[in-house]
Number of protein chains: 2
Amino acid sequence: MAAERTIGRLAKAVGVNVQTVRYYERLHLLGPYARALSGYRLYGSEEEQRLRFIKNARALGFTLREITDLLDLRVSSRARCSDVQQKAEEKLQCVEVKVQALEALAQALESLIQACRAGQPTDRCPILKRLEKKAEVQVESRTRR
Amino acid sequence: MAAERTIGRLAKAVGVNVQTVRYYERLHLLGPYARALSGYRLYGSEEEQRLRFIKNARALGFTLREITDLLDLRVSSRARCSDVQQKAEEKLQCVEVKVQALEALAQALESLIQACRAGQPTDRCPILKRLEKKAEVQVESRTRR
DNA sequence: CTTGACCCTGTACCCTGGTACAGGGTGTAA
DNA sequence: TTACACCCTGTACCAGGGTACAGGGTCAAG
């Protein structure tokens with residue numbers, strides 16, 4: 001199992017920089033499966049999955065801190081189930097708000113494309129017209145400092 | 001129309017920092033409606049909308065550069081319709097990929113919550129189990145440097 | 001007419017998320 | 001046995017997106 005590969009191969013497979021993988025390791029986000037005698041980091045398919053997830057989640061506007069939280073979500077003997085459930089529900093809500101916002105944006109873009117096809121010039125920015133909702137895209141309570 | 005207000009009120013209404021609003025102005029993302037004789041910036045409801053959009057789009061992982069592009073998308077006398085259409089379609093595709101990724105994440109969270117309710121401990125991180133897809137969340141062709 | 005809250009410009013600083021060396025070891029194919 | 005691609009640690013640097021003064025004007029209430 002867990003086809004071993006070095007950091008370079010992993011990075012290439014997922015499409016990130018080698019340095020970035022090491023950076024994630026410093027942040028305890030993604031460690032190697034094991035080390036070779038030479039000291040080379042070794043990664044398996046699970047690590048690849050994880051790295052891919054991190055990459056995608058980043059593109060969705062999650063911070064590395066949030067990604068850590070997401071990846072740590074699991075019901076273990078140590079974690080109280082109700083805690084996990086609550087966290088998961090919070091995250092879920094946040095994700096749903098994001099989906100809605102993106103869907104509104106998608107609709108706006110679609111209607112713009114429609115207008116294009118019909119050859120109707122749109123004067124004011126049509127993106128805004130459809131996105132007037134005040135609903136805020138929540139990104140984790142800003143608990144900095 | 002366009003209830004005038006100063007930068008402080010605008011910032012508070014939308015929930016961003018005053019400095020941030022001025023920062024956006026430097027980047028030509030959001031200018032004041034007008035200036036008072038005193039030099040105070042004045043904003044109307046359109047600016048508020050725009051600021052709100054910027055804030056939400058940021059939380060969705062769009063860069064300020066991308067947000068500028070989105071806000072500039074409109075069919076004007078100057079912009080060739082086909083160009084706008086193409087850009088809009090590109091953005092739309094990008095948005096749809098994001099939506100899909102978020103929905104996969106939402107599902108993962110839901111099944112985690114289910115497992116919680118059922119009192120079944122999930123050993124390995126269940127988020128990953130559902131997010132094995134290799135599909136990449138595209139964020140604008142990385143044309144840096 | 002003063003005091004407190006707010007605004008102005010300008011410049012400096014900060015955090016997050018990377019990237020890039022420098023200096024040195026590893027591994028493998030010719 | 002060497003040459004080349006790759007790996008290691010450590011440290012420094014960078015861009016994006018803000019945030020925080022400093023030094024000074026504005027305005028409205030008391």
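The listed nucleotides are C/dC8, C/dC7, D/dG18; the one nearest the side chain of B/Arg35 is C/dC8. Proximity note for A/Thr6 (side chain, C-beta onward) versus C/dT9, D/dC8, D/dC7: the nearest is D/dC7. Distances were taken from every side-chain heavy atom of B/Arg58 (C-beta onward) to each of D/dT19, D/dT9, D/dG17; the shortest belongs to D/dG17.
Rounded to a whole Å, the CG atom of B/Leu27 is 10 Å from the C1' atom of D/dG16. Look at OH on B/Tyr23: it is 17 Å from P on C/dT11, rounded to the nearest Å. Regarding A/Leu60, its CG atom lies at a distance of 14 Å from the P atom of C/dG17, rounded to whole Å. Following rounding to the nearest Å, B/Glu66 (CD) and D/dG16 (P) show an atom-to-atom distance of 13 Å. A/Glu25 has its CD atom 17 Å from the P atom of C/dG17, to the nearest Å. Between A/Lys12 atom NZ and D/dC7 atom P there is a gap of 10 Å when expressed in whole angstrom units. Per the geometry, CG belonging to B/Leu10 stands 10 Å off P belonging to C/dC7, to the nearest Å. As rounded to whole Å, 10 Å separates atom P of C/dG10 from atom CZ of B/Arg26.
Contact check for A/Lys55 versus A/Val14: side-chain heavy atoms found under the 4.5 Å cut-off. Here the side chains of A/Phe53 and B/Leu105 are in contact, with some heavy-atom distance below 4.5 Å. Put simply, the side chain of A/Tyr24 reaches to within 4.5 Å of the side chain of A/Leu64, judged on heavy atoms. Inter-residue side-chain proximity for A/Glu25 and A/Pro32 is flagged as met; some heavy-atom pair is nearer than 4.5 Å. In this structure, the side chains of B/Cys116 and A/Val84 come closer than 4.5 Å at one or more pairs of heavy atoms.
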Could you list the protein-to-nucleotides 28-30 of chain D atom pairs, N/O on both sides, closer than 3.5 Å?
none

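Distances shorter than 4.0 Å separate some side-chain N or O of A/Arg41 from OP1 or OP2 on D/dC8. When the side-chain nitrogen and oxygen atoms of B/Thr20 are compared with OP1 and OP2 of D/dT19, one or more of them lie within a distance under 4.0 Å.
Taking the charged nitrogens against the carboxylate oxygens, A/Arg52 and A/Glu48 do have a contact shorter than 4.0 Å, which makes a salt bridge. A salt bridge does not link B/Arg35 with B/Glu4: none of the charged nitrogens is closer than 4.0 Å to a carboxylate oxygen.
Both B/Ile54 and A/Val18 lie close to DNA chain D; mapped to their nearest nucleotides by heavy-atom distance, the more 5′-ward contact belongs to A/Val18.
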Quick one: what's the B/S/- string for nucleotides 21-28 of chain C, heavy-atom cutoff under 4.0 Å, read 5' to 3'? B---BBS-

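Distance alone, capped at 3.5 Å, places no donor-acceptor pair between the B/Lys98 side chain and the A/Lys98 backbone.
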If you apply the rule salt bridge (charged side-chain N to carboxylate O under 4.0 Å, His left out), what do you find for B/Lys87 with B/Asp83, and how did you get there? CA-CA 6 Å; B/Lys87 270 195 195 172; B/Asp83 296 348; over 6 Å; no

